[in-house]
Amino acid sequence: MQKKKVTFELEIYNSQEELSVLDRELMQAAVLARENAYAPYSGFKVGAAVLLANGEIVIGNNQENASYPSGLCAERVAVFQAGARFPGIAVKTIAISVNSVRRVVDTPAAPCGNCRQAIAEYEQRQTEGIEILMMGSTGEVYKSASITDLLPLAFGKSYLD
Ligand code: THU
């Protein structure tokens, strides 16, 4: 029997002030996007900002629906918009900020499983890893260098060859 240890790396910053200028700008775009989330049912607002290799920033926020499963998370709204508007351009970084209308969220939230899978598809189509920055509305910021840190053993198109 063989055992394999899968490790996962995360950088932890005390606050967004500690980020590089570029990362901080991207996080600010996510914070602004978050405010325009349509989340009347959960009251949980999520903003995402995607930095592309051509320098463009594409934003997304969660879009809920009275028929709950018809809504979509901020991360997928953002990466799908990036894919639609700038096909074939690599994704460098995705910044995510969350908050609730009921309380101030001061801990980062990682993307849900469906969003990790969607982001993994983009990463598998390019050579560089996609950096993920995660923050509440304030407080610590987590940074991972690749979606594989958040979704090890991801399913991908190679299985379908
Ligand atoms: N949500 C996101 O936008 N991203 C995530 O990664 C987790 C959850 C949204 C979906 C729904 O509108 C609300 O947060 C509560 O689940």
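Read the numbers this way: they start at 1 and go in the same order the structure lists the ligands and their atoms.
In this structure, P111 has a heavy atom closer than 4.0 Å to ligand 1.
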Practice task
Please assess R24 against E17 for the test salt bridge (Lys or Arg N to Asp or Glu O under 4.0 Å), listing each intermediate value before the final yes or no.
Solution key: CA-CA 7 Å; R24 201 166 165 199; E17 331 281 298; 3.4 Å; yes
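The closest protein non-hydrogen atom to atom 8 (C) of ligand 1 is C73 SG, 3.9 Å. The single protein non-hydrogen atom nearest to atom 3 (O) of ligand 1 is A74 N, 2.9 Å, given as residue, atom name and distance. At the shortest separation from atom 9 (C) of ligand 1 among protein heavy atoms lies N62 ND2, 3.5 Å.
Considering E75, E64, R76 only, the shortest heavy-atom separation from atom 4 (N) of ligand 1 involves E75. The closest non-hydrogen atom to atom 7 (C) of ligand 1, taken over C112, G60, A37, A109, comes from C112.
Ring orientation note: the planes of Y38 and Y41 are nearly perpendicular, at an angle over 60° on the 30°/60° scale.
Both Y122 and V58 are assigned to one and the same hydrophobic cluster, defined by single-linkage of ILVMFWY side chains at heavy-atom distances under 4.5 Å.
Here the side chain of R116 pairs a donor or acceptor atom with the backbone of L150 at under 3.5 angstrom.
Under the 4.0 Å distance rule, the nearest protein heavy atom to atom 16 (O) of ligand 1 falls outside the cut-off.
Inter-residue side-chain proximity for T148 and E123 is flagged as met; some heavy-atom pair is nearer than 4.5 Å. Side-chain contact between I130 and T93 is absent, with no heavy atoms from C-beta onward closer than 4.5 Å.
When non-hydrogen atoms are compared, ligand 1 lies under 4.0 Å from the side chain of S42 (C-beta onward) but not from its backbone.
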